Amino acid sequence: MQRKPLGEILKEKGLITEDYIKFALLEQKATGEKLGEVLVRVGMVTDLEIAKALSEQAGLPFIDIETLTPEPRALDILPFNFAKNNLVLPFSLEDGTLKVAISDPFNQHLLNAVQRIAGRNVSFYISGSQGIAKAVEKFYYFKEHSIEEELKGLIERLKANPNLDFDVEEFLNKLLILGIQKRATDFHLIPTQRSLQIFYRVDGILDPAIVFPYSVYRRIVNVIKIRSQLDIAETRRPQDGRMSFTFLESKYDLRVATAPTSFGETVVIRYLPTGAQVQSLEYLGFDPEEIKLIDEIITQPYGMFLITGPTGSGKTTTLFAALRRINLLEKNVLTAEDPIEYLLPLARQTQVNEEIGYTFARAIRAFLRLDPDVILVGEVRDEETASMAVRAALTGHLFLSTLHTNDAISSVFRLKDMGIKPDLLSSTLKGVIAQRLIRKICPYCKEPYAPPSELLEYYNLPKEREYFRGRGCFQCGGKGYLGRTVVCEIFFVDEEISKLIGEDLPLSALYEAARNKGMKFLKEDAREKVLSGITTVEEIKRVVG
């Protein structure tokens with residue numbers, strides 16, 4: 001039976017249009033790439049979306065290897081060079097059957113070769129080629145290099161000789177690599193009276209990883225300060241800086257912040273991987289009704305669309321996922337970011353540089369002279385940027401950005417605090433998303449359980465049904481959770497809400513009007529995630545309150 005063309009499957013899923021295919025075919029003639037490769041490179045679809053389409057074509061299961069940790073015994077079965085050259089990742093050995101992720105399910109020669117080298121039954125799963133390539137490099141490296149054991153060996157030598165001479169640069173690199181192995185978003189160095197504690201933030205939770213004698217503290221902090229161009233002599237005031245780090249050909253931008261404490265400066269380093277692919281709203285965890293509402297906001301020809309939440313809540317990720325819902329072939333999209341985290345080749349992306357005066361506000365002013373349709377700015381953080389954002393939205397442009405508020409409706413009052421007049425705000429604001437990230441139950445050790453009755457009562461959850469949690473396993477590191485998904489509330493500004501904003505009514509009036517119109521609030525969305533078996537009631541209490 002003839003298989004359906006890849007482009008047709010992607011069209012049926014609503015991921016691309018006929019115009020996108022025609023454009024990709026033009027690129028293909030110039031570069032000689034496969035159609036799927038072109039679509040991924042220009043940002044029309046992601047590696048994972050191509051993989052899902054291929055899994056449908058081939059009738060093989062799809063697996064997302066972003067949060068997967070292969071078993072060392074599975075990696076032992078296929079040689080590194082074979083896995084690297086052929087984009088295959090062995091990830092599990094179960095009842096004598098080897099599970100292998102591949103990107104090309106129609107290469108029968110490769111499937112036969114995997115079977116022959118493995119010398120056992122093989123189950124094939126489909127995943128993205130770029131994801132497999134990175135995972136092969138990373139996990140075979142960690143199989144050969146036990147970073148934690150190397151660091152523990154250094155601790156023993158330091159206990160014996162506090163003045164031990166060692167390569168501090170290499171020491172810092174190993175700590176950064178350990179964070180990558182743990183899928184950390186942040187790396188914390190915390191000095192105490194007698195030790196230096198190392199914590200990593202994984203899936204939103206601080207995880208104590210390793211503790212060193214205090215003797216290494218000043219040496220490593222000085223190296224961090226030098227690499228991030230901070231003042232070594234200044235220990236009394238907080239400082240902010242940046243540095244970069246390359247591991248297995250992947251570059252990471254690192255945002256560094258220091259602050260004085262009782263026992264010395266504490267340092268927090270945030271990982272900012274560059275060049276990441278823009279995922280879909282579905283992949284991030286938005287449901288169909290929420291996506292429909294977002295589409296209604298961002299398909300308007302002008303106005304302001306904001307995403308709010310605390311640091312690390314995935315605002316920028318959602319902003320770019322929403323941007324993908326716009327036909328980028330028909331629009332001139334200009335962005336100002338700090339830094340550029342996601343590559344979207346069909347947009348014109350710029351990076352702000354405050355040292356030379358290229359701020360968000362100045363970027364907007366410059367963009368207005370470049371015939372834009374859509375302007376995306378990393379954050380509205382001051383009065384000048386807010387004023388320029390409103391000006392852009394008033395003059396017929398769609399303006400997208402992020403803001404720091406606790407919930408969606410509070411953003412109205414935050415913008416008023418920045419000097420935006422109510423009548424201007426009512427004319428420009430089209431919608432606001434407030435979001436948080438909650439941990440998902442680990443799918444590898446998911447089991448039924450009975451949650452605390454008081455929490456079920458508080459969140460109005462029925463007691464007579466089955467709930468789930470993660471038992472704790474190799475894949476989730478015993479945590480019971482693996483990966484995160486979004487919970488959100490969407491404040492849609494229709495004509496009636498717009499009028500209320502213009503009348504400068506109190507916050508309570510806007511809340512009442514939004515609820516009467518059926519707005520789903522954060523707590524209610526989190527409750528639905530529990531009922532769907534995605535997360536636990538304890539997790540929504542931790543994140544939403």
Side-chain angles (χ1 to χ4, degrees), residues 281-282 284-300 302-310 313-315 317-319 321-323 325 380 393 398-417 420 422-438 458-462 485-532 534-535 537 539-541 543-545:
L281 290 171
E282 292 92 341
L284 301 182
F286 290 90
D287 67 37
E289 283 301 311
E290 291 162 349
I291 293 171
K292 184 179 177 183
L293 209 49
I294 293 168
D295 282 344
E296 200 169 334
I297 296 167
I298 64 169
T299 52
Q300 298 187 51
Y302 67 90
M304 188 158 51
F305 172 52
L306 301 171
I307 301 180
T308 80
S313 60
K315 297 186 296 296
T317 305
T318 299
L319 202 59
L323 190 59
R325 309 287 298 183
V380 176
L398 183 63
F399 179 85
L400 286 68
S401 192
T402 69
L403 193 68
H404 282 273
T405 61
N406 282 331
D407 59 54
I409 297 175
S410 294
S411 59
V412 172
F413 295 86
R414 176 82 179 103
L415 290 167
K416 287 178 183 177
D417 287 343
I420 306 302
D423 58 333
L424 292 179
L425 197 53
S426 70
S427 304
T428 54
L429 190 64
K430 301 300 179 184
V432 185
I433 297 176
Q435 69 176 55
R436 302 289 188 274
L437 294 177
I438 57 170
Y458 179 75
Y459 291 106
N460 194 27
L461 288 161
T485 191
V486 73
V487 291
C488 73
E489 60 185 30
I490 302 176
F491 178 46
F492 181 73
V493 181
D494 62 9
E495 196 173 327
E496 184 184 332
I497 296 286
S498 175
K499 186 180 177 184
L500 294 177
I501 292 172
E503 291 172 359
D504 203 15
L505 295 175
L507 192 64
S508 58
L510 286 182
Y511 274 110
E512 186 178 349
R515 184 171 287 284
N516 289 340
K517 287 180 171 291
M519 177 176 166
K520 182 171 65 175
F521 292 93
L522 272 173
K523 191 182 292 184
E524 292 157 357
D525 191 40
R527 179 180 179 276
E528 288 181 9
K529 292 287 196 296
V530 173
L531 291 171
S532 301
I534 294 169
T535 191
V537 68
E539 177 67 1
I540 66 169
K541 176 177 182 275
V543 175
V544 180

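Worth saying up front: this structure is predicted, and the values here are computed from it rather than measured.
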Of all heavy-atom pairs linking G502 and S426, the shortest is N-CB, 3.5 Å
Original post:
With a 4.5 Å limit on heavy-atom distance, are the side chains of S410 and Y511 in contact?
Top reply: yes
Checking M304, E296, Q300 against K430 for side chain to side chain contact (heavy atoms under 4.5 Å, CB included), the one that qualifies is Q300
One pair to check against side chain to side chain contact (heavy atoms under 4.5 Å, CB included): V530 and Y459. What are the steps and the verdict? CA-CA 10 Å; V530 173; Y459 291 106; over 6 Å; no
Q: Applying salt bridge (charged side-chain N to carboxylate O under 4.0 Å, His left out), run through E289 and K520 and close with a yes or a no.
A: CA-CA 11 Å; E289 283 301 311; K520 182 171 65 175; over 6 Å; no
Value for SG (C488) from CD1 (I294), rounded to nearest 0.5 Å, stands at 6.5 Å
Above 12 or not: heavy atoms from other molecules or residues under 6.0 Å from OH of Y302?
-> no
Any side-chain heavy-atom pair of T428 and F399 under 4.5 Å = no
Around atom NZ of K499, are there more than 12 heavy atoms of other residues, nucleotides or ligands at under 6.0 Å?
-> no
dist S532:OG -> R527:CZ (nearest 0.5 Å) comes out at 10.5 Å
A side-chain contact here means heavy atoms from C-beta on lying under 4.5 Å apart; do T535 and T485 qualify?
no
For T405 and V432, what are the C-alpha separation, side-chain angles and deciding distance, and is it a side chain to side chain contact (heavy atoms under 4.5 Å, CB included)?
-> CA-CA 11 Å; T405 61; V432 185; 5.8 Å; no
For G431 and V493, the nearest pair of non-hydrogen atoms, with its separation, is N-CG2, 4.1 Å
Candidate pair I540 and K523, rule side chain to side chain contact (heavy atoms under 4.5 Å, CB included), full reasoning = CA-CA 8 Å; I540 66 169; K523 191 182 292 184; 6.0 Å; no
Problem - Backbone of S313 reached by a side-chain donor or acceptor of Q435 within 3.5 Å - result: yes
Q: Output yes when E539 and K529 qualify as a salt bridge under the 4.0 Å nitrogen-oxygen rule, no when they do not.
A: no
Only residue of D525, T308, D407 satisfying side chain to side chain contact (heavy atoms under 4.5 Å, CB included) with E489 is D407
Between I297 and L398 the two heavy atoms that sit nearest each other are O-CD1, 4.5 Å
Here the pair of heavy atoms bringing K416 nearest to L505 is NZ-O, 4.4 Å
For L425 and V412 the tightest heavy-atom approach is CD2-O, 3.5 Å
Here the gap from L281 atom CG to L323 atom CG, rounded to the nearest 0.5 Å, amounts to 10.5 Å
Tightest non-hydrogen contact, residues R515 and E524, listed as NH1-OE2, 3.1 Å
T402 (side chain) donor-acceptor with I307 (main chain) under 3.5 angstrom
no
If we ignore hydrogens and angles and just use 3.5 Å, is the side chain of R325 paired with the main-chain N or O of D295 as donor and acceptor? no
Can you check whether D287 reaches E290 side chain to side chain, under 4.5 Å on heavy atoms? yes
Fill in: Test item: P310 and R436 side chains (from C-beta on) under 4.5 Å apart, heavy atoms
yes
Which of I497, L306, I433 passes side chain to side chain contact (heavy atoms under 4.5 Å, CB included) with F491? Answer is I497
**Study point:** N516 vs E512 side-chain heavy atoms within contact, under 4.5 Å
**Key:** yes
Measure the shortest side-chain to side-chain distance between V543 and L437 over non-hydrogen atoms and say whether it is less than 4.5 angstrom. no
Check: Side-chain contact, heavy-atom cut-off 4.5 Å: V537 with Y458?
Finding: no
